[in-house]
Structures are given as structure tokens and as C-alpha cells.
Number of protein chains: 2
Amino acid sequence: MAEGKVTSLHVARRAGVSQSAVSRVFSGASASEQTVRKVRKAAEHLGYRPNPLARAMITGKSKIIGLVVAYLDNQFYPLALEHLSNALQEQGYHVLVFMAPNDEAAVEKVVHDLMDYQVAGIITASVGMTNDLTQRCTDAGIPVVMFNRGQDGSGISSVTSANVAGGAQIADFLVAGGHTRIAHIAGWEGSSTGRDRQRGFTDRLAHHAMESVAIIDGHFDREIAAQATRDIMAGPQPADAIFVGNDHMAFAVMDTLRSELGLSVPDDVSVVGYDDVPLAAWAAYDLTTLRQPLVRMVEATVDTLLAKITDAARPAQKIEIEGPLILRGSAKIPEGWTA
Amino acid sequence: MAEGKVTSLHVARRAGVSQSAVSRVFSGASASEQTVRKVRKAAEHLGYRPNPLARAMITGKSKIIGLVVAYLDNQFYPLALEHLSNALQEQGYHVLVFMAPNDEAAVEKVVHDLMDYQVAGIITASVGMTNDLTQRCTDAGIPVVMFNRGQDGSGISSVTSANVAGGAQIADFLVAGGHTRIAHIAGWEGSSTGRDRQRGFTDRLAHHAMESVAIIDGHFDREIAAQATRDIMAGPQPADAIFVGNDHMAFAVMDTLRSELGLSVPDDVSVVGYDDVPLAAWAAYDLTTLRQPLVRMVEATVDTLLAKITDAARPAQKIEIEGPLILRGSAKIPEGWTA
DNA sequence: AGCACATCTGCATACGTGTGCAAGTAAATT
DNA sequence: AATTTACTTGCACACGTATGCAGATGTGCT
């Protein structure tokens with residue numbers, strides 16, 4: 001009932017036990033049934049809540065998860081943030097946001113900040129300069145999970161969708177649709193996500209004895225994707241289908257095709273994206289896209305991270321989650337494919 | 001250079017001073033020039049950084065700002081989050097995210113969590129059950145600033161755009177455009193933001209001796225806004241212009257008008273939004289809208305909050321920032337108005 | 001020179017919790 | 001009955017920093 005700084009000592013006095021006993025009850029250590037009862041009762045009466053900062057100081061680990069994120073333009077990431085925060089909140093953790101740095105010096109700063117706050121774990125999303133950052137935090141013993149991005153060499157956990165398989169699915173789909181001049185505006189070359197989608201896509205095209213008429217790195221950027229679209233359509237072999245590395249760029253591609261070049265989607269050009277952000281379902285775009293199962297990816301991320309926090313010896317995991325191709329109106333639907 | 005827990009005591013030993021001296025140097029208290037030099041040098045050599053948790057424990061105030069946010073669907077809020085976090089990071093603060101609760105019990109939990117972490121201040125955005133939450137935190141002595149929402153009675157600081165004036169601007173614009181059947185899909189009735197825009201709008205219409213043909217509460221929700229659109233266009237007086245309480249709903253309105261009802265925007269119906277999120281500039285929507293100056297709103301929010309943190313006696317401020325109407329293609333442009 | 005005054009410094013303690021250690025108790029074993 | 005074993009519990013200390021207090025040092029004044 002009473003407000004204003006009630007500590008474990010107050011609880012202890014009222015329950016007629018020592019402060020250590022109170023601590024043990026609330027930190028999950030063993031205590032006799034009777035002690036637990038007395039302590040809980042006194043605590044409830046006083047409105048006691050353990051101080052997480054004091055707890056963090058003693059244990060060296062706070063109940064804070066550092067989320068490092070570079071940008072929030074792409075709708076996929078705010079939604080990921082929302083779900084991550086909710087999921088972690090349910091487990092008693094909270095998300096401390098770190099805007100990802102561009103230059104070397106800023107990386108330094110963020111790494112230090114993360115360690116200063118003794119974060120229990122780190123999730124990175126949409127980050128460019130991730131190599132250095134993740135490695136250093138891992139070296140410092142802080143569990144790291146990369147969300148929607150992998151890193152081949154080093155033993156760092158990651159959760160992504162099955163990007164190679166996704167790229168392949170889209171290749172099958174566009175080939176079945178009878179397209180003959182297929183182009184690809186890829187995700188950033190520096191991200192595993194972009195590379196894997198591209199590889200799955202081109203390998204599968206090759207399997208159909210086909211080849212992209214153009215492959216351009218879109219850097220996950222609207223403006224660059226728009227310019228890539230102009231280049232592709234002005235080239236010697238204008239595409240009749242474009243697979244775009246993510247939805248965010250795909251919207252720019254569609255805008256450019258329709259408003260700037262006066263072309264029809266999908267009559268002149270089919271467009272396929274990747275992510276299935278909510279906006280993809282809106283009538284203005286109605287984008288055919290490969291869905292990344294956000295909720296399951298978030299669950300996997302949280303599970304992996306918390307497991308690693310609980311058991312530091314746990315080896316790194318690279319989790320891939322399959323997603324379905326969502327058929328909408330931005331791309332010709334082959335005979336027999338059901339929407 | 002050395003890693004692994006270097007404390008003020010280590011620095012003190014190396015500098016040949018007491019631990020208190022080190023503390024004073026880093027907490028800005030007074031110290032002789034010579035001491036400062038010795039301490040800084042030793043600190044740099046050892047790679048010392050003050051522990052913010054320990055500091056928070058002793059002072060009762062952490063360098064953490066609690067950001068309470070309900071949803072991130074509306075692009076306006078993730079962008080606000082991004083800018084807020086960046087601005088606060090520059091001032092040495094960090095953002096701890098709290099997903100806003102729907103029910104009473106969850107509010108309780110969030111309030112407690114906020115106090116447990118001894119946040120230095122709180123920013124609320126897009127929150128419904130804000131009354132109780134803000135009041136209790138204010139009572140507990142924690143500075144609160146409401147972002148993009150006001151609260152009339154109680155003395156809580158807020159930063160919004162000039163919503164009444166904005167609504168009025170839009171009324172002038174639509175009247176000048178020669179529209180005769182103007183409707184309004186309002187923002188949520190429970191938010192000051194929605195109410196103010198509506199009031200400015202209808203008052204100004206009245207000033208032109210006009211009246212809305214329909215006013216429907218859209219609750220800032222796409223689905224509800226879409227249904228409102230259907231109702232308005234199926235009514236006895238189908239609108240030739242609709243002012244929508246924010247961009248997020250306006251997109252749904254445009255989708256419904258064009259794809260579902262087969263109407264042309266702006267030939268059949270002009271649509272005007274509020275916010276000017278990036279998406280509004282994309283070709284698929286090209287939405288005429290009243291810009292909320294995000295960067296300046298963020299600056300004002302951070303300034304107000306930090307000022308209140310530094311000086312608790314500072315009275316609450318309600319800051320309103322004017323924004324321009326951005327003329328695009330979704331609404332008829334009156335003669336003489338320049339885009 | 002003597003005194004008032006301002007400034008700096010170190011000592012000690014506090015913040016609120018977790019945890020090793022030893023003492024205590026009750027139950028189980030020989 | 002004596003001894004081992006398994007649990008509890010309280011004591012004391014640690015985590016890393018801030019800060020009141022008293023002593024020390026230096027400056028300016030009459």
C-alpha cells in the first residue's frame with residue numbers, strides 16, 4: 001500500500017526474517033514454504049518490488065535487451081520491434097533502443113553503451129556495420145541474435161526466413177507465368193538476406209535454363225531501386241517481370257513503372273516483392289510477395305536469445321523459417337496456381 | 001586499454017587520488033585542474049567508463065527515457081521513435097520501449113516498470129489510456145511529455161502540431177477548391193489531436209457558411225475508415241471531398257474510393273490527410289496533406305523533457321508547432337494556390 | 001603576522017540487492 | 001543412540017558510484 005522506496009529490508013523486518021531471506025524468495029533460490037509465505041504476504045502488503053538496477057549491479061546482468069536498428073522506414077522493422085518488445089515484456093525483459101551507427105567511431109560508442117548498461121542480450125536488425133559490432137559483443141560474452149540477417153563465418157546466432165528457398169519459389173512462379181525477360185533488383189549485396197534471395201533466384205532460373213536480363217543492387221533503398229527500374233526498362237531487353245529484393249523497394253519500382261513510365265502492372269511488367277508488409281496488401285499496390293512470417297521469426301529470436309542468456313554454453317543457432325508466396329495482383333498468376 | 005570492469009577505484013589508484021576525486025571529476029563536481037588532468041589521463045589509459053547503473057542507484061535517476069507507445073502501424077510513430085532515439089542518444093540518454101497496454105491491469109504493470117527502472121522521464125505517443133498513466137507518473141515526480149497528443153485539464157506537458165489551425169487551413173483549401181459536399185472522417189474522438197483537427201475544420205467551414213455532409217469517427221483505424229468511406233458515399237449526399245484525420249486512414253479511404261467504388265481521386269472525390277508521412281509522397285497515393293513538422297516536434301519534445309528533468313520546478317508547457325499544407329495530386333488545387 | 005574565507009581532498013557511509021559461509025535444525029541412516 | 005545428510009537461515013560483505021563532513025591547503029585582507 002505504502003509508496004516511496006520500500007526495500008527488501010523493510011519487507012524483512014515486517015516478515016520477521018533476514019534481508020537475505022527476502023532476496024532468496026524473490027530471486028528464486030530455495031526457501032522454506034513458511035518463509036515464502038511470510039515474505040510474500042509482507043511484500044504484498046508493503047507493495048514491494050525488487051529493484052532491477054540494484055539486481056543488475058550485483059549480478060552483472062540487467063533485464064534489458066539492446067535492440068540495434070539502423071532505420072525504420074521499411075515497415076517490416078517497426079512491426080518487428082513492436083512484436084519483439086511485446087514478447088520480451090512478457091518474459092520480464094525490456095527493449096533499450098540503439099540507433100545503429102554509420103561510421104566506425106559511432107560503432108565504438110554503441111558497443112560501449114551496450115556494455116555500460118550490462119544488457120543481457122542484443123538483437124540486431126537492419127544493421128549495416130554489423131560484423132564488427134556483433135563480434136565484439138560476442139567476445140565480451142553478451143549473447144547476440146541477428147534478426148533477418150545472417151553472418152556466415154562467425155558463430156553468431158541468426159533468425160531469417162528461408163531466403164534461398166524463397167528466391168527459388170519466386171523464380172518458379174515467374175517462369176510458370178510465362179515471363180521471358182526476367183530482371184532482379186537485389187537487396188543490398190552486403191547483406192546475407194539480399195545475397196541468399198538472389199542466389200536462390202538465379203540458381204533456380206538456371207535450372208529452368210534461363211537467366212536474368214539484368215541484376216542490379218538496390219541497396220534496400222527506394223531511390224536506387226527507382227533508378228534501377230529506369231535503367232532496366234530503358235535497356236536493350238526491357239523486363240516483363242521484376243523480382244525486387246524486398247517490399248519497400250518494390251513499391252518504388254511499381255511507382256516508377258506506373259506513374260513515371262506509364263506501364264501497367266502486371267500487364268506490361270509483373271512485380272514480385274519480399275516481406276509481405278501490411279502495405280503490400282493495400283489496394284494501391286496489391287503486391288505479390290513472399291511472406292516473411294514475422295510472428296514466428298520474433299518467437300524464434302526471443303527463444304534463441306533467452307536460451308543463450310540462461311545457458312551461456314549453448315552453441316549458436318542459425319534458424320531459417322519458411323514462408324509462403326502470397327499471390328496478389330501485381331504479377332501474372334500462372335494457370336493452376338491458386339491465389 | 002584493459003577490458004573487463006575497470007572501476008573508479010582503479011582509476012583512483014593509478015592517478016594517485018581517492019575514489020571520491022574520480023567520482024567528482026566524472027560527475028561534474030568541482031576539482032582542481034591538476035586532479036582533473038591526472039584522473040582523465042588515468043581513466044583514458046585504463047578505458048574507464050562510469051557505470052550508469054551504479055550511478056542511477058545512488059542518484060535515483062537513470063539516463064533512461066521511457067517511451068510508451070501503443071502501435072507502430074502508422075508510419076508517423078516509428079519515424080518519431082527513430083528521431084527521438086537519435087536526439088536523446090546525443091544527450092546521453094537512451095530509450096526504453098514500453099508497449100502501451102489496453103486494459104487497466106496492464107497500465108498498472110507499465111507504471112510500475114517505469115518506476116522500477118527509475119526512468120528520468122517519460123514520453124507517450126499514440127497511447128489511448130493515457131490519462132491514468134500520465135497522471136500517476138507525474139504524481140510520482142517523473143517528468144512526462146505527451147507527443148502528438150494533449151490533455152486539457154491536468155498540468156502535463158505536450159507537444160503537438162497546431163491542429164486547430166491545421167484543420168482550418170484544410171477547410172479553407174477545400175472550400176476554395178469549390179467543393180460543395182465536404183465530409184470528415186475524424187481521428188479518434190478520445191484524442192485531443194482528433195478533436196482539435198475536427199474543431200478547427202468545422203468551425204472554419206461554418207465561417208464559410210458551410211457544414212460537413214458527414215462526420216464519422218475513424219478511430220485512427222484503416223478498417224473503420226474504409227467502412228466510413230462506404231457509408232459516406234452510399235448516403236444521400238455522397239461527398240465530393242473528404243478530410244481524413246490522418247494519413248494512415250487517408251490511404252484506406254483512397255483505396256476504398258478507387259479500387260472498391262471505382263471512383264477517381266481527385267476527379268470524383270478530393271482527399272486530404274494529416275501528417276505527411278513519407279508514404280504520402282509516393283506516386284501511388286500522392287496525398288495532399290497537412291505536414292506535421294516531425295523534426296521540430298521531436299526537438300521540442302526532447303528540449304521540454306530534459307528541461308523538466310534538470311529543473312523539476314519548471315511548469316508544464318503545451319507546445320504547438322505550425323505545419324504547412326502540402327499540395328499534391330489527391331485533391332483539386334484551387335486557382336492561384338501554388339503547389 | 002594573524003585571521004577569515006574559499007577551495008580542494010579523503011574518509012566514511014549509503015544506495016538495494018545477491019551470495020559464500022558457517023551455524024542451526026530436522027530427518028534419515030547405520 | 002550416534003552419525004550422516006539435506007535444508008534453511010542469518011551474518012557479513014560485495015557490486016560501483018555519489019556525497020556529507022571534517023580536515024587540509026591556499027588566498028586575500030587588515
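Naming: A, B, ... by sequence-line order, numbering from 1 per chain.
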Just the rounded figure in Å: distance from [atom2] of [N] to [atom1] of [X].
X        : N      : atom1 : atom2 : result
A:Lys61  : C:dG18 : NZ    : P     : 16 Å
A:Lys5   : C:dG16 : NZ    : C1'   : 10 Å
A:Gln118 : C:dG18 : CD    : C1'   : 14 Å

Given side chains that start at C-beta, do those of [X] and [Y] come closer than 4.5 Å, heavy atoms only?
X        : Y        : result
A:Leu114 : A:Ile122 : yes
A:Tyr77  : A:Asn148 : yes
B:Phe147 : B:Val298 : yes
B:Thr193 : B:Trp188 : no

Ring pair (Phe, Tyr, Trp, His ring centres under 6.0 Å) partners of B:Tyr48, counting only residues at least two apart: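 Result, ring pair (Phe, Tyr, Trp, His ring centres under 6.0 Å) vs B:Tyr48: B:Phe26.
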Test A:Val97 against every option in B:Leu96, B:Asn86, B:Val97 by the side chain to side chain contact (heavy atoms under 4.5 Å, CB included) rule and name the one that passes.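 Exactly one candidate clears the test, B:Val97.
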Quick one: how far along DNA chain D does chain B reach, first to last nucleotide 5' to 3', anything under 4.0 Å to a heavy atom?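 Under 4.0 Å from chain B, the extent on DNA chain D is D:dG16 to D:dG20.
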Quick one: which protein N/O atoms are closer than 3.5 Å to N/O atoms of nucleotides 8-11 of chain C? Pair and distance per line, please.
unit_1 : atom_1 : unit_2  : atom_2 : d
C:dC8  : OP2    : B:Ser30 : OG     : 3.4
C:dT9  : OP1    : B:Ser32 : OG     : 2.7
C:dT9  : OP1    : B:Thr35 : OG1    : 2.1
C:dT9  : OP2    : B:Ser32 : N      : 3.1
C:dT9  : OP2    : B:Thr35 : OG1    : 3.3
C:dG10 : OP2    : B:Ser18 : N      : 3.0
C:dG10 : OP2    : B:Ser18 : OG     : 3.0
C:dG10 : N7     : B:Arg24 : NH2    : 2.7
C:dG10 : O6     : B:Arg24 : NH2    : 2.9
C:dC11 : N4     : B:Ser20 : OG     : 2.9

Presence of salt bridge, B:Arg136 and B:Glu108, under 4.0 angstrom: yes
Among side-chain atoms of [X] and [Y], is any donor-acceptor pair under 3.5 angstrom?
X        : Y        : result
B:Asp113 : A:Gln89  : no
A:Gln135 : A:Asp139 : yes
A:Ser32  : A:Thr35  : yes

With axes from five pairs an end, tell me the bend angle of the helix from C:dA1-D:dT30 to C:dT30-D:dA1, nearest 10°.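 Rounded value for the end-axis angle: 40°.
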Using heavy atoms and a sub-4.0 Å distance, could you list which residues of residues 52-60 of chain A are near DNA chain D? By number, please.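 Correct list: A:Met57, A:Ile58.
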Output side-chain donor-acceptor pairs under 3.5 Å for residues 300-307 of chain A, partner residues at least two apart or in another chain, one line each.
unit_1   : atom_1 : unit_2   : atom_2 : d
A:Thr301 : OG1    : A:Met297 : O      : 2.7
A:Thr304 : OG1    : A:Ala300 : O      : 2.7

Working to the nearest 0.5 angstrom, can you tell me the gap between A:Ser85 OG and A:His94 NE2?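 Here the rounded value is 8.0 Å.
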How many angstroms lie between atom CG of A:Asp132 and atom SG of A:Cys137, to the nearest 0.5 angstrom? 9.0 Å
For A:Thr7, which contact category applies under a 4.0 Å heavy-atom criterion: base, sugar-phosphate, or nothing? sugar-phosphate
